Amino acid sequence: MRAVRGHRRGSLDARKVVDYAGSRFEDHVADVDVVFHTVGGDTQTRPWTRLRPGDVVVRIVTPADVGTVRHHAARGVSFVVEPARDWLDSISELITSGRLSPEIHRGVPLAQTRAGFEALEKEYRRGKYFTHVSDG
């Protein structure tokens, strides 16, 4: 999650970015213009006390509850990215050619998927986590 204060028209100048895995963002910020949710769970219910009327919560996991948005006089925005094969093929080509280097946190075999996801609740990670399904 990113809690952003003080953006300028035409830019998104974050003065503070809070690591949701290391602390509760509401302990670090107030009067936030935009909260950009990239994770689910209880963090989705907590930003409302840090927003001013008219400010925005952007969610990519699930849409904000309309009643909650109205109660806090805020704006709720959500979007879902749906993969398209041609886009994924283009990204794959960029990775294969070395022009794009995704940051990988860890990969686990399919048989260890559950343990891997449980570990994500406890550890800080930078980069993507993936499940290795096959060798082919």
Side-chain angles (χ1 to χ4, degrees):
M1 170 185 310
R2 294 178 184 256
V4 180
R5 296 184 328 173
H7 68 282
R8 298 184 309 258
R9 181 178 287 284
S11 72
L12 192 58
D13 181 20
R15 293 185 189 155
K16 181 170 261 195
V17 177
V18 179
D19 175 12
Y20 71 90
S23 61
R24 294 173 62 90
F25 71 91
E26 62 269 36
D27 295 338
H28 299 276
V29 297
D31 296 331
V32 176
D33 299 316
V34 177
V35 174
F36 190 81
H37 276 284
T38 59
V39 296
D42 73 330
T43 62
Q44 296 187 61
T45 62
R46 299 187 338 237
W48 306 106
T49 60
R50 298 301 183 230
L51 295 171
R52 295 174 299 229
D55 288 343
V56 182
V57 173
V58 180
R59 291 170 56 168
I60 66 170
V61 179
T62 59
D65 175 69
V66 174
T68 303
V69 171
R70 285 187 185 142
H71 175 75
H72 293 281
R75 293 184 294 150
V77 178
S78 63
F79 64 91
V80 176
V81 177
E82 295 185 23
R85 183 175 181 96
D86 56 333
W87 290 8
L88 295 174
D89 287 342
S90 297
I91 293 169
S92 179
E93 288 174 28
L94 291 170
I95 293 169
T96 301
S97 70
R99 292 182 290 171
L100 177 66
S101 299
E103 190 161 342
I104 304 297
H105 171 68
R106 178 169 49 153
V108 297
L110 182 60
Q112 296 175 12
T113 301
R114 180 184 200 124
F117 276 102
E118 288 172 352
L120 292 176
E121 294 292 321
K122 300 175 189 143
E123 64 185 33
Y124 175 80
R125 70 187 178 283
R126 180 175 175 174
K128 294 296 180 183
Y129 170 93
F130 69 93
T131 301
H132 183 75
V133 179
S134 71
D135 292 328

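Note that the structure is a prediction, hence the values are computed from the model and not measured.
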**OP:** Given side-chain hydrogen bond (donor to acceptor under 3.5 Å, both in side chains), test R46 with T49 step by step and report yes or no.
**Re:** CA-CA 7 Å; R46 299 187 338 237; T49 60; over 6 Å; no
**OP:** Apply the test side-chain contact (heavy atoms from CB on, under 4.5 Å) to residues V57 and V77: give CA-CA distance (whole Å), side-chain angles for both, the deciding distance (0.1 Å), then the verdict.
**Re:** CA-CA 6 Å; V57 173; V77 178; over 6 Å; no
Original post:
What's the verdict on side-chain contact (heavy atoms from CB on, under 4.5 Å) for V35 and V56, showing C-alpha distance, side-chain angles and the deciding distance?
Top reply: CA-CA 6 Å; V35 174; V56 182; over 6 Å; no
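The shortest non-hydrogen separation linking R106 to A119 is NH2-CB, 3.4 Å. The heavy-atom pair separating G76 from A64 by the smallest distance is CA-CB, 4.4 Å. In terms of heavy atoms, L51 sits closest to A74 at CD1-CB, 4.2 Å.
Residues I95 and P102 are in side-chain contact: their nearest non-hydrogen atoms beyond the backbone lie under 4.5 Å apart. At a threshold of 4.5 Å between non-hydrogen side-chain atoms, the residues S92 and T96 count as touching.
A donor-acceptor pair under 3.5 Å is absent between the side-chain atoms of R50 and the main chain of D31, judged by distance alone. Between the side chain of S97 and the main chain of E93, a donor-acceptor pair closer than 3.5 Å is present. Checked by atom type and distance alone, the side chain of R52 never pairs as donor or acceptor with a backbone atom of D55 at under 3.5 Å.
Note: T131 OG1 to R114 CZ = 13.5 Å, rounded to the nearest 0.5 Å. Annotation: the span from E118 atom CD to T113 atom OG1 amounts to 11.0 Å, rounded to 0.5 Å.
Note: the hydrophobic cluster containing F130 does not contain V108 (ILVMFWY, side chain heavy atoms under 4.5 Å, direct or indirect links).
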